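Let me begin by presenting the structure, written as structure tokens, before commenting on it.
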Amino acid sequence: MLNIKKKTFFVFFFLLLHLPIFFINNIWDGTVISYGFNANDISGVKNWYTESSSNFQFIIIKILYFLHIIFNISAEIVFDLFTITTILLFSIEIKKFAVRVFKLNKENNSYFLYFALIFPVWHSLTEINLTLYLFCFYLAFLGYRFFVTANHDLYKLAGILLIYFSFSIKSNFTFVIAIVTLETFYNYFVFKKKTFQNFVLIYLISISGYLINLYFYPPFGVYENYNRVDLTNFDIKKLFLDIKNFYSFFIFYLIPGLALLIIFKKKKFFLNKIFVFKIILILLFSFVTIVPYLLTQKSINILFFTGFQSRHAYLISASTIFFIIHLFDYFR
């Protein structure tokens, strides 16, 4: 078992892989935010986020702007420090969720964090806009954990608020549903534990968040009808292509994962029903997380991705890691 010093070493080692972020200026749409910071005027950025129904993300921008002004730190340094912190927080939250829900072999727990830190789409986080995407996904995980594990009502309320804040990224309407569905059915079928109350409450939170956004904070201006689902022109062939593209990330981890299994395996190859059911649940979880992208006919392939388009694969990171760690744990 890895001791604390070794675990800390590995965490810092994998974080070092992200150092190139500090040598790349903010790019793509993020240049608008950089300009606002450098001109000491973020009013144009505010209009941008207001029109796109992303008000909460602008609050984060204002906090970063405050730090930029108060401490007289360059905008790029502020953005990069926020990016590295967000990657670490999101990765830690993936590990906490997995350890709490799956209760896998303790020797494998750290691998959740290591795989998350090096998931092959974080190169796109050279743009602060996309870091805000990942931060909102982190808030969904964090808020969910507060809500389902806290013993105090104030913490539960904080969890609900964090989930609502996370809805600034619309993919989280289905992401939180995917999270609670995975945990509820995993608990019920694997541990014979009933947690259906949380299941119902999270669904209600997601539905109410969607309705609030739809009727009180809809996108307008140049963003009116942005990412709106239009099934009249829905391409079935494109749907299957998109699904194949997303699951190419599973293959990326499956190859080294199988190599590790061959090296370290302690069991003969056979599948029991519980293991198969666990894998099916994880695949269901992964599918629900990508539903918003499938409905809007968007995807990204591990073998052919650009920086900006990689944002579509952020959520597939969790299910991919859950999948490979279950394989690793089972065959150890």
Side-chain angles (χ1 to χ4, degrees), residues 90-121 137-138 140-141 144-145 148 171-172 174-193 195-196 198-199 202-203 206 242-261 267 269-294 299-302 312-332:
F90 180 75
S91 300
I92 290 174
E93 205 57 43
I94 285 180
K95 176 186 174 181
K96 286 184 177 180
F97 175 85
V99 170
R100 179 177 61 82
V101 174
F102 301 140
K103 298 177 178 60
L104 298 180
N105 189 320
K106 291 183 179 180
E107 293 183 8
N108 296 333
N109 288 344
S110 296
Y111 294 116
F112 285 109
L113 179 58
Y114 305 150
F115 279 130
L117 286 172
I118 59 172
F119 195 73
V121 291
F137 295 144
Y138 159 70
F141 256 135
Y144 176 79
R145 176 164 62 86
V148 300
S171 305
N172 279 329
T174 57
F175 184 46
V176 294
I177 286 177
I179 294 173
V180 73
T181 301
L182 174 62
E183 179 168 10
T184 300
F185 285 94
Y186 201 96
N187 281 338
Y188 184 75
F189 288 103
V190 178
F191 302 117
K192 309 305 178 184
K193 178 182 176 183
T195 55
F196 290 103
N198 291 332
F199 179 82
I202 291 296
Y203 267 72
S206 179
D242 290 338
I243 293 174
K244 184 184 74 172
N245 285 340
F246 277 118
Y247 284 99
S248 66
F249 287 88
F250 281 71
I251 302 300
F252 175 84
Y253 274 114
L254 186 60
I255 294 174
L258 289 175
L260 290 173
L261 295 178
K267 298 180 180 179
F269 184 84
F270 71 95
L271 298 177
N272 61 42
K273 292 181 180 179
I274 294 296
F275 174 72
V276 171
F277 184 75
K278 290 177 180 179
I279 296 300
I280 291 174
L281 277 180
I282 292 172
L283 293 176
L284 174 63
F285 168 75
S286 68
F287 183 78
V288 177
T289 62
I290 64 175
V291 162
Y293 304 100
L294 297 178
S299 66
I300 195 68
N301 190 302
I302 183 63
H312 301 319
Y314 287 173
L315 288 182
I316 203 71
S317 61
S319 52
T320 303
I321 295 164
F322 296 163
F323 174 76
I324 194 62
I325 293 298
H326 268 78
L327 285 179
F328 189 73
D329 181 78
Y330 182 74
F331 289 106
R332 287 273 291 184

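These numbers come from a predicted model, not from an experiment.
- Tyr138 meets the side chain to side chain donor-acceptor pair (under 3.5 Å) test with no other residue; sequence neighbours excluded.
- Residues that satisfy the ring pair (Phe, Tyr, Trp, His ring centres under 6.0 Å) test with Tyr203, not counting sequence neighbours, are Phe199.
- Annotation for Phe90 and Ser317: closest pair CE2-OG, 3.5 Å, computed over non-hydrogen atoms.
- Shown here are the side chain to side chain donor-acceptor pair (under 3.5 Å) partners of Asn187, two or more places apart in sequence or in another chain: there are none.
- Environment of NZ in Lys103: crowded, with over 12 heavy atoms of neighbouring residues, nucleotides or ligands closer than 6.0 Å.
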| query | Does the pair Leu294 and Phe246 meet the rule for a side chain to side chain contact (heavy atoms under 4.5 Å, CB included), with working shown? | reply | CA-CA 10 Å; Leu294 297 178; Phe246 277 118; 4.1 Å; yes
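- For Ile279, the side-chain contact (heavy atoms from CB on, under 4.5 Å) partners at least two apart in sequence or on another chain are Phe275, Leu283, Phe323, His326.
- Taking the side chain to side chain donor-acceptor pair (under 3.5 Å) definition, one finds that Tyr188 meets it with nothing, sequence neighbours left out.
- Counting heavy atoms from C-beta outward, Tyr293 and Asp242 have side chains that stay 4.5 Å or more apart.
- Note on residues 277-294: no pairs pass salt bridge (Lys or Arg N to Asp or Glu O under 4.0 Å), not counting sequence neighbours.
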| query | Where do Phe175 and Tyr314 land on the side chain to side chain contact (heavy atoms under 4.5 Å, CB included) test, with the steps shown first? | reply | CA-CA 11 Å; Phe175 184 46; Tyr314 287 173; over 6 Å; no
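- Partners of Val101 according to the side-chain contact (heavy atoms from CB on, under 4.5 Å) rule, which considers only residues two or more places apart in sequence or in another chain, are Phe97, Glu183, Tyr186.
- Partners of Ile118 under the side-chain contact (heavy atoms from CB on, under 4.5 Å) rule, at least two apart in sequence or in another chain, are Phe14, Leu17, Tyr253.
- Side-chain atoms of Phe250 and Ser286, non-hydrogen and from C-beta on, do get closer than 4.5 Å to each other.
- For Ala318, the side-chain contact (heavy atoms from CB on, under 4.5 Å) partners are Ile94, Phe141, Phe285, Phe322, not counting sequence neighbours.
- The main-chain N or O of Ile302 is found under 3.5 Å from a side-chain atom of Ser248 such that the two form a donor-acceptor pair.
- Here the CD1-CG distance, from Ile321 to Leu113, works out to 9.0 Å after rounding to the nearest 0.5 Å.
- For Ser319, there are no side chain to side chain donor-acceptor pair (under 3.5 Å) partners, not counting sequence neighbours.
- The closest side-chain heavy-atom distance from Phe137 to Thr289 is not below 4.5 Å.
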